[in-house]
S.K.: 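Dropping a structure here in structure tokens format, bear with me for questions.
Numbering of ligands and ligand atoms starts at 1, following listing order. Numbers here are sequence positions counted from 1.
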Amino acid sequence: GEALAVSARVAPLGSRLVLLLVEDLTEARRIEAVRRDFVANVSHELKTPVGALSLLSEAVMDASDDPEAVERFAGRMQIEATRLTSLVQELIDLSRVQNDDPLEDAEPVRVDELVAEAIDRCRHQAGAKQITMAAGGAADLRVWGNRGQLAAALGNLVENAVNYSPARTRVGIAARSVNAPGGDHIEIAVTDQGIGISDKDKERIFERFYRVDPARSRATGGTGLGLAIVKHVAASHGGEVTVWSAENQGSTFTLRLPEAGAARDRSHQQPARH
Ligand code: ADP
């Protein structure tokens, strides 16, 4: 209704302007819809594990004279708690990312620290699935950026690699420095031997809330926000995230970020001029 009213008002000004205005309105509505969806989605996702935990704890109390049942319920409680943890982690990441200017408190960040933190974040899940994690090349490399956001980005990639891989496979994290005319940068590649992603889905996985298989994603605590966060962090650092994948063979997500070099370090030490 509103869009139509606007187009009627400005119609005499020419159809191109009308089109622009209508597109603007649609975009504003779309963003608002995404925001509403986000709140509804996350609250809904949080309710499920909380409800399950409450029921399970009652079941444990009722089954206090049946050790086998207690063990079974406790196991399920652990799964629900993991889901809850990963949802909360995603909310934390999201709040880190909503910071307006991520580069305001940019600093040289050691890649081996980011890698260690990412591995730590899914140690529990990887252990349960007997997934081997191997990291290499990160020693002595430093990227230039916001530490919290970079940790969120790499953490999400490694978490996905573990989530979308079968048991007893390998997840590799390889970092290297690339000298390029536009500026030196760091590439961090996260490779898994998991389910892979079809060409059709590859185009959409970086969108907010997009999940190839919602049921599977939910079972691992996924909300479909992870890769949107990664893409946002990469872009706001002047970098990029790309994906290579073959179905049922695995995927490699590569994060390209600016390298912290001498020039950047020097400008960092000068007082900021505003
Ligand atoms: P989610 O919270 O669902 O993991 P993401 O935004 O992190 O959300 O990922 C979006 C979708 O992309 C996932 O639901 C999954 O279908 C697919 N995906 C992401 N990473 C991988 C991977 N390493 N292997 C296979 N599929 C993946």
S.K.: Compute the shortest N/O to N/O distance between L227 and ligand 1 and return yes if it is under 3.5 Å, no if not.
M.R.: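 Among all N and O atoms of L227, at least one is under 3.5 Å from an N or O of ligand 1.
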S.K.: Rounded to the nearest 0.5 Å, what's the gap from CD on E117 to CG on D112? Could you check?
M.R.: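 Reported value, rounded in 0.5 Å steps: 12.0 Å.
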S.K.: Pairs under 3.5 angstrom only: tabulate donor-acceptor contacts from the side chains of residues 186-197 to other protein residues two or more places apart or in another chain.
M.R.:
residue	atom	partner	partner atom	Å
E187	OE1	R176	NE	3.4
E187	OE1	R176	NH2	3.0
T191	OG1	T252	OG1	3.0
D192	OD1	G194	N	2.9
D192	OD1	S251	N	3.1
Q193	OE1	R170	N	3.0

S.K.: For ligand 1, which atoms sit closer than 4.0 Å to a heavy atom of G226?
M.R.: 5 (P), 6 (O), 7 (O)
S.K.: Salt bridge between K202 and D199, side-chain N to carboxylate O under 4.0 Å?
M.R.: yes
S.K.: Looking only at non-hydrogen atoms, which of F206, Y210, Y164 approaches atom 18 (N) of ligand 1 most closely?
M.R.: Y164
S.K.: Between S54 (side chain only) and V50 (backbone N and O only), is there a donor and an acceptor less than 3.5 Å apart?
M.R.: no
S.K.: Which atoms from ligand 1 have a heavy atom of G196 less than 4.0 Å away?
M.R.: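 Near G196, the atoms of ligand 1 are 25 (C).
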S.K.: Could a heavy atom of F253 be found less than 4.0 Å from some atom of ligand 1?
M.R.: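 True for this residue.
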S.K.: Can you measure from CG (D62) to CG (D65) and round to the nearest 0.5 angstrom?
M.R.: 9.5 Å
S.K.: Please report the shortest heavy-atom distance between E80 and P49, naming the atom on each side.
M.R.: OE1-CA, 3.3 Å
S.K.: Which is it for D192 and ligand 1 at heavy atoms under 4.0 Å: side chain, backbone, both or neither?
M.R.: side chain
S.K.: Report the part of I197 (side chain from C-beta onward, or backbone N, CA, C, O) that has a heavy atom under 4.0 Å from ligand 1; answer both or neither where that applies.
M.R.: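 Side chain only.
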S.K.: Select the closest option to atom 17 (C) of ligand 1 among V190, I195, I205, judged by heavy-atom distance.
M.R.: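 The residue whose heavy atom sits nearest atom 17 (C) of ligand 1 is I205.
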S.K.: Between T132 and T169, is any pair of side-chain heavy atoms under 4.5 Å apart?
M.R.: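 Answer no - side chains too far apart.
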S.K.: Can you pull the salt bridge (Lys or Arg N to Asp or Glu O under 4.0 Å) pairs that have at least one residue in residues 234-243, sequence neighbours excluded?
M.R.: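 Checked against salt bridge (Lys or Arg N to Asp or Glu O under 4.0 Å) - neighbours excluded - the pairs reaching residues 234-243 are E240-R256.
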S.K.: Check each atom of ligand 1 against the heavy atoms of V212 and keep those under 4.0 Å away; list them by number with element.
M.R.: 14 (O), 16 (O)
S.K.: Decide whether the shortest distance between a heavy atom of G194 and an atom of ligand 1 is less than 4.0 Å.
M.R.: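 False for this residue.
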S.K.: Going by distance only, is there an N or O of R211 that falls short of 3.5 Å from an N or O of ligand 1?
M.R.: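 In this structure, R211 places no N or O atom under 3.5 Å from an N or O of ligand 1.
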S.K.: If you count the atoms of ligand 1 from 1 in the order shown, which ones are under 4.0 Å from a heavy atom of S251?
M.R.: 24 (N)
